[in-house]
Amino acid sequence: MEIKEYRFDGEKECDIRKMPTNSKIEKSRREEIVRKTNENQMKIDALQDRLYADSKESLVIIIQALDAAGKDSTIKHVMSGINPQGIDVYSFKQPTSEELAHDFLWRANKAMPRRGKMAIFNRSYYEDVLVVKVHELQKTYQMAERCLKKDFFEKRYKHIRNYEEYLYDNSYRIVKIFLNVSKEEQKKRFLERIEIPEKNWKFSESDLKERALWEDYMEAFNTAITKTATKQAPWYVIPADQKWYTRYLVSEIMLDALKKMDPQYPEVSDQMREAMQEAKKQLEQ
């Protein structure tokens with residue numbers, strides 16, 4: 001499947017249950033796919049260098065998923081060839097008391113990169129219509145009663161759409177990726193965290209509590225993706241059971257976004273060319 005098959009841009013509703021979690025590609029093609037991923041990384045690096053020099057647009061990649069879907073490893077591998085100077089990576093944890101005292105987009109807005117840079121959001125403001133919705137955390141918020149009515153989440157979907165349109169109109173490109181891992185593969189990865197000593201540190205008892213709410217999360221993701229997918233800020237729901245293929249798809253999505261941005265190195269003025277030629281003469285002397 002091409003990346004457009006995984007894309008949601010508002011023209012159709014999302015049903016995660018009908019989307020593949022496994023690419024069904026033979027393992028014999030793994031070496032070929034890894035090679036293509038490496039080639040994409042080199043192309044991304046070249047385009048990112050032009051993006052940084054151009055400084056007219058920014059690219060923000062949002063990665064959302066359930067536990068053990070491979071967010072951290074995907075970010076680590078796909079970003080490995082990019083100049084650290086031109087990219088920021090943010091991991092959004094449980095909000096602090098300071099963050100909860102502000103609007104839900106406050107901490108994300110502070111993390112937005114300046115033009116010319118890329119940013120990867122490991123989780124994001126979407127947690128406020130995912131985990132908050134599943135656990136009904138809004139009932140604990142210190143907010144005016146008028147803000148906590150039945151349309152609470154409908155308004156948040158609207159705020160997110162408006163926010164992403166605002167960012168687009170201010171020279172940002174937003175691409176959102178959901179790593180679609182199967183319940184069986186998640187179980188396998190949780191067991192590895194228990195059985196393999198080097199992975200023990202990844203295990204958390206809360207993982208099992210969240211797993212018990214699998215269907216609630218699926219419904220929350222379905223709704224969030226359907227209600228916030230737009231042409232300017234599309235969602236990609238990609239299979240996550242084979243990490244090597246997931247990394248390839250993420251690299252394809254990033255490369256596609258950068259190609260559409262088409263950043264160019266700035267044109268040098270005649271005055272600057274003359275200054276460089278004068279500098280060259282002085283250096284050669």
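Residue indices begin at 1 and follow the sequence shown.
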[X] versus [Y]: any side-chain heavy-atom pair under 4.5 Å?
| X | Y | value |
| --- | --- | --- |
| Val175 | Ile253 | yes |
| Lys158 | Arg161 | yes |
| Met79 | Ile120 | yes |
| Met276 | Glu274 | no |
| Phe121 | Met112 | yes |
| Glu164 | Lys176 | yes |
| Ile62 | Ile177 | no |
| Leu255 | Lys259 | yes |

Polar side-chain atom of [X] near backbone of [Y] as donor-acceptor pair, under 3.5 Å:
| X | Y | answer |
| --- | --- | --- |
| Arg273 | Val268 | yes |
| Asn83 | Gln85 | yes |
| Ser251 | Tyr248 | yes |
| Thr226 | Cys14 | yes |
| His135 | Val131 | no |
| Glu219 | Asp216 | no |
| Gln242 | Ser23 | yes |
| Arg247 | Val78 | no |
| Thr223 | Ala220 | no |
| Asp151 | Glu154 | no |

The test is side-chain contact (heavy atoms from CB on, under 4.5 Å); show your working for Lys183 and Arg211 and say whether it passes.
CA-CA 8 Å; Lys183 199 170 184 179; Arg211 178 177 165 82; 3.4 Å; yes
Would you list the pairs meeting ring-ring contact (aromatic ring centres under 6.0 Å, His included) in which at least one residue belongs to residues 164-201, sequence neighbours left out?
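For residues 164-201: Phe178-Phe221.
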Show the numbers, then the answer: is there a salt bridge (charged side-chain N to carboxylate O under 4.0 Å, His left out) between Glu215 and Arg17?
CA-CA 10 Å; Glu215 291 303 322; Arg17 298 171 185 83; 3.3 Å; yes
Please output the side-chain donor-acceptor pairs of residues 228-240 that fall under 3.5 Å, not counting sequence neighbours, one pair per line with the distance.
| from | atom 1 | to | atom 2 | distance (Å) |
| --- | --- | --- | --- | --- |
| Thr228 | OG1 | Tyr126 | OH | 3.2 |
| Thr228 | OG1 | Ala224 | O | 2.6 |
| Thr228 | OG1 | Trp235 | NE1 | 3.0 |
| Thr230 | OG1 | Ala233 | N | 3.0 |
| Lys231 | NZ | Glu11 | OE2 | 2.6 |
| Tyr236 | OH | Arg7 | NH1 | 2.8 |

Take Arg30 and Arg35 through the side-chain contact (heavy atoms from CB on, under 4.5 Å) test and state the conclusion after the steps.
CA-CA 9 Å; Arg30 177 170 178 168; Arg35 176 178 53 78; over 6 Å; no
Passes side-chain contact (heavy atoms from CB on, under 4.5 Å), Ile16 versus Ile225? Steps please.
CA-CA 9 Å; Ile16 293 176; Ile225 291 171; 4.2 Å; yes
Taking Val181 as the starting point, is it possible to reach Trp244 by hopping between hydrophobic residues whose side chains are less than 4.5 Å apart?
yes
Are Arg156 and Phe104 in a cation-pi setup, meaning NZ or CZ lies under 6.0 angstrom from the ring centre and within 45 degrees of the ring axis?
yes
Using a distance-only test with no angle check, is there a side-chain donor-acceptor pair under 3.5 angstrom linking [X] and [Y]?
| X | Y | answer |
| --- | --- | --- |
| Gln64 | Glu127 | yes |
| Tyr265 | Asp49 | yes |
| Asp241 | Ser182 | yes |
| Asp262 | Gln264 | yes |

Check residues 65-72 and write down every donor-acceptor pair under 3.5 Å in which the side-chain atom is one partner and the other belongs to a residue at least two apart or another chain.
| from | atom 1 | to | atom 2 | distance (Å) |
| --- | --- | --- | --- | --- |
| Asp67 | OD1 | Arg123 | NH2 | 3.2 |
| Asp72 | OD1 | Asn122 | ND2 | 2.6 |

If you round to the nearest 0.5 Å, how far is CG of Leu47 from CE of Met261?
9.5 Å
Can you tell me how far apart CD (Glu165) and CD1 (Ile160) are? Round to the nearest 0.5 Å.
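It comes to 14.0 Å.
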Taking all non-hydrogen atoms of both residues, which atom of [X] and which atom of [Y] are closest, and how far apart?
| X | Y | value |
| --- | --- | --- |
| Met254 | Ile61 | CG-CD1, 4.0 Å |
| Pro113 | Ser58 | O-OG, 3.9 Å |
| Asp45 | Ile82 | OD1-CA, 3.9 Å |
| Phe153 | Asp128 | CE2-O, 3.5 Å |
| Arg173 | Glu57 | NE-OE2, 2.8 Å |
| Tyr90 | Asp88 | CE1-CB, 3.5 Å |

Heavy atoms from other residues, nucleotides or ligands near CE of Met272 exceed 12 (cutoff 6.0 Å)
no
Heavy atoms from other residues, nucleotides or ligands near CD of Glu32 exceed 12 (cutoff 6.0 Å)
yes
With a 4.0 Å cut-off, would you call Arg115 and Asp54 a salt bridge?
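A salt bridge is absent here (no side-chain N lies under 4.0 Å from a carboxylate O).
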Do Gln186 and Trp214 pass the side-chain contact (heavy atoms from CB on, under 4.5 Å) test, and can you show the C-alpha distance, the side-chain angles, and the key distance before you say yes or no?
CA-CA 11 Å; Gln186 187 195 59; Trp214 182 277; 3.5 Å; yes
Test ring-ring contact (aromatic ring centres under 6.0 Å, His included) on Tyr125 and Tyr163; report intermediate values, then the result.
CA-CA 11 Å; Tyr125 46 86; Tyr163 179 60; 5.6 Å; yes
Evaluate salt bridge (charged side-chain N to carboxylate O under 4.0 Å, His left out) for Glu26 paired with Arg29, printing each intermediate quantity in order.
CA-CA 6 Å; Glu26 296 294 329; Arg29 291 191 59 199; over 6 Å; no
With side chain to side chain contact (heavy atoms under 4.5 Å, CB included) as the test, pick out the partner of Lys243 among Glu185, Arg189, His77.
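Among Glu185, Arg189, His77, the one that satisfies the side chain to side chain contact (heavy atoms under 4.5 Å, CB included) with Lys243 is Arg189.
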